[in-house]
Number of protein chains: 2
Amino acid sequence: MGEENYLPHVSIDCVIFGLTDNSLNALLLKVTGTESWVLPGGYVEKDESIEDAALHVLKSRTGLTDIYLKQFMTTGNSERSFPDDVRRICESLGIEWTEGHWANKRFISICYYALIDVNKFKPTGGELEQEYQWVDIHNLPQMLMDHDNILRKGYEALKENLGNHPIGINLLPDKFTMPELQKMYEIILDKTLERSHFQKKMLRFDIFRRLEERREGVPHKRPFLYRFDENKYQNELKKGARFDV
Amino acid sequence: MGEENYLPHVSIDCVIFGLTDNSLNALLLKVTGTESWVLPGGYVEKDESIEDAALHVLKSRTGLTDIYLKQFMTTGNSERSFPDDVRRICESLGIEWTEGHWANKRFISICYYALIDVNKFKPTGGELEQEYQWVDIHNLPQMLMDHDNILRKGYEALKENLGNHPIGINLLPDKFTMPELQKMYEIILDKTLERSHFQKKMLRFDIFRRLEERREGVPHKRPFLYRFDENKYQNELKKGARFDV
DNA sequence: GCAAAAGTGTTTGATATACACCCATGC
DNA sequence: GCATGGGTGTATATCAAACACTTTTGC
């Protein structure tokens, strides 16, 4: 079945990042009947682009659509085949496994990371109804294949990109406060930032619009809400501005 | 032949960058008997990693070894097959071509860029003895397949990386002067930099060592020679330093 | 001597860093 | 009232940008 529909030797793996109050998490799927976890992954259909493949993998494995996605690496050692792990996965899904199974072969994996607002996008177990869980990227459980390595490389890529582009807003709601924006940077870059300086710097980028509203329902003084302004951002990009933090 | 030895549907393409006095050039191979050019490319053997594949492609197509190489993109639209161009290439190499040729299929290309000092590493036409040429990246000739697009994306990736890491030294000789370093940045980033500021900034990075020698055989005052210091660089990296220009 | 490139210094404005101050809110 | 978080202001150090001065070389 897989052999006819998919490009052989090529897989897609997705690291989905989401923020909770104090940690950066990745969405993992549990291999039913084991204590092992995997990244949402899949294969490339013969008549779809690899970007479309990443989108369909995300949708079918987690139910997520319309989210920020970035390719960060393609990995492919010659030893990159995991028949034992494939067998475990097949068993957990009730799929027949043989030594000659097509998914046992050596695979090249094209890796993407996704950034989502965990309060807006609610993942599901996907079409396979798998158990899923947000796990702190600094405290990973046992993972099959080389998925722990892919996850770590994805985190490195995220940190590098975040240092140059305001992509982190994809982890926040449409309306966010400066303290929330700062917290996001602090969690991902894993260092504390100075409050006053952070706010001035962000506002100097001139890519956010301050709303008349403030965040309600929180203790203490209510912080202003801001919104990312795509037009302003494109203008600044044209001017050659940089957004390094 | 290809079908047995190589992973199907997967290719490697390399953008090799080199500097001349006033422009950034890419190394292109001419398709014999045509006026079309291609990037050095090839396929992944079934028992080699994709990094090793990139290295062997470089060596077999250009004779180059032991040079800086970076993966920057994997591209793969479902329409990414080029039977007409494959036929031209086969004809120019005296290889039999049929409609069913394995290289006609849809291919995913894993793309790398290489940075070389054009005075140290001398490319050849490779095992196929093809005509090769350094061409200004801002003035590309007719290229087969989507190689012009790959080249442009490689240049974009180079610019982005150069803004964060001192990788440009791979385009220069081991010993280089500050004016040479500046010129390299100016050519790649396509903007002029202020001389005094540039020198202070580079020296503040504290990753270069000034030698007792000066560049000889040039008119006017002789500039000092510098050398990249890997230890210093690793120290600064550990301290969390950034090298953005 | 003159022109040109390189090394270095100076001036001014912008940004980074650290911290202070006041305001709004819940308790 | 008090603690806490948020908005804003201030002082100092550092860096950026522009430019000047001096040295060294070829002609």
Side-chain angles (χ1 to χ4, degrees), chain A residues 19-22 162-164 166 172-173 175-187 189-227 236 239-245, chain B residues 19-22 162-164 166 172-173 175-187 189-227 236 239-245:
Chain A
L19 277 184
T20 53
D21 290 346
N22 283 305
L162 187 65
N164 293 319
L172 300 177
K175 300 176 184 180
F176 52 85
T177 69
M178 280 297 148
E180 287 162 4
L181 190 67
Q182 180 177 344
K183 194 89 190 176
M184 179 271 291
Y185 275 99
E186 290 183 329
I187 290 172
L189 301 178
D190 200 23
K191 63 181 176 189
T192 58
L193 302 170
E194 204 280 321
R195 189 168 54 96
S196 164
H197 175 50
F198 178 83
Q199 177 136 340
K200 287 171 200 151
K201 182 168 190 162
M202 287 296 145
L203 295 180
R204 234 184 297 119
F205 286 162
D206 197 24
I207 57 176
F208 302 117
R209 206 155 38 83
R210 184 158 103 174
L211 309 178
E212 299 300 316
E213 312 165 66
R214 292 163 183 265
R215 171 78 69 221
E216 301 293 335
V218 294
H220 317 301
K221 191 173 182 178
R222 274 85 198 258
F224 283 107
L225 286 168
Y226 292 81
R227 202 198 292 272
E236 293 300 314
K239 285 197 270 177
R242 300 193 47 171
F243 307 95
D244 54 310
V245 179
Chain B
L19 277 183
T20 54
D21 290 345
N22 283 305
L162 187 65
N164 294 318
L172 299 177
K175 300 175 183 180
F176 52 86
T177 69
M178 279 296 147
E180 287 162 3
L181 190 66
Q182 181 178 343
K183 193 91 191 173
M184 179 272 289
Y185 275 99
E186 290 183 329
I187 291 172
L189 301 178
D190 200 23
K191 63 181 176 190
T192 58
L193 302 170
E194 205 279 321
R195 190 167 54 95
S196 164
H197 175 51
F198 179 84
Q199 178 135 339
K200 288 170 199 152
K201 182 168 191 163
M202 287 295 145
L203 295 181
R204 235 184 296 119
F205 286 162
D206 197 24
I207 58 176
F208 303 117
R209 207 155 38 83
R210 184 157 103 172
L211 308 178
E212 299 300 313
E213 313 165 66
R214 291 163 182 266
R215 171 77 70 218
E216 301 293 333
V218 293
H220 317 301
K221 190 173 181 178
R222 274 84 197 260
F224 284 106
L225 287 168
Y226 291 81
R227 202 198 293 272
E236 293 300 313
K239 284 197 270 177
R242 300 195 46 173
F243 307 95
D244 54 310
V245 180

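Here is how names work: the chains are called A, B, and so on, in the same order as the sequence lines, proteins then strands, and each is numbered from 1.
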*Which value, rounded to the nearest 0.5 Å, describes the distance between B:Met178 atom CE and B:Met202 atom CE?*
7.5 Å
*Can you check the A:Leu181 CG to D:dG7 C1' distance for me, whole Å?*
16 Å
*asked:* Do A:Arg222 and A:Arg215 have side chains that approach each other closer than 4.5 Å (heavy atoms only, starting at C-beta)?
replied: no
*In terms of the nearest nucleotide of DNA chain C, which residue is placed more toward the 5' end: B:Arg214 or A:Arg222?*
B:Arg214
*Would you mind telling me which residue lines up with the more 5' stretch of DNA chain D, B:Glu194 or A:Arg195, judged by nearest nucleotide?*
A:Arg195
*NA contact type, B:Arg210, heavy-atom cut-off 4.0 Å: base, sugar-phosphate, or nothing?*
sugar-phosphate
_Closest contact, heavy atoms only, B:Met184 versus B:Leu19_ = CG-CD1, 3.5 Å
_Does any part of the side chain of B:Arg242, heavy atoms only, come nearer than 4.5 Å to the side chain of A:Asp244, both counted from C-beta?_
yes
Which pairs, protein N/O on one side and nucleotides 10-15 of chain D N/O on the other, fall under 3.5 Å?
{"unit_1": "D:dT10", "atom_1": "O4", "unit_2": "A:Lys200", "atom_2": "NZ", "d": "2.9"}

_Bounds of contact between DNA chain C and chain A, in 5' to 3' order, using a heavy-atom cut-off under 4.0 Å_ = C:dT15 to C:dG26
*Salt bridge between A:Lys183 and A:Glu180, side-chain N to carboxylate O under 4.0 Å?*
no
*Interatomic spacing from NE2 in A:His197 to CZ in A:Arg195 - rounded to 0.5 Å*: 13.5 Å
*Can you measure from CD (A:Gln199) to CG (A:Leu181) and round to the nearest 0.5 angstrom?*
9.5 Å
*Got A:Leu162 and A:Leu189 here, is their nearest side-chain heavy-atom distance under 4.5 Å?*
yes
*d(CG, A:Leu203; P, D:dG9) in whole Å*: 12 Å
*Can you find a pair of side-chain heavy atoms, one from A:Phe198 and one from A:Glu186, that are under 4.5 Å apart?*
no
_Positive for ring pair (Phe, Tyr, Trp, His ring centres under 6.0 Å) with B:Phe208, one of B:Tyr226, B:Phe224, B:Phe176_ = B:Phe176
_Rounded at 0.5 Å granularity, tell me how far CD in A:Glu194 sits from OG1 in A:Thr192._
9.5 Å
Tabulate atom names and distances for all N/O pairs under 3.5 angstrom spanning the protein and nucleotides 3-5 of chain D.
{"unit_1": "D:dT4", "atom_1": "O2", "unit_2": "A:His220", "atom_2": "ND1", "d": "2.7"}

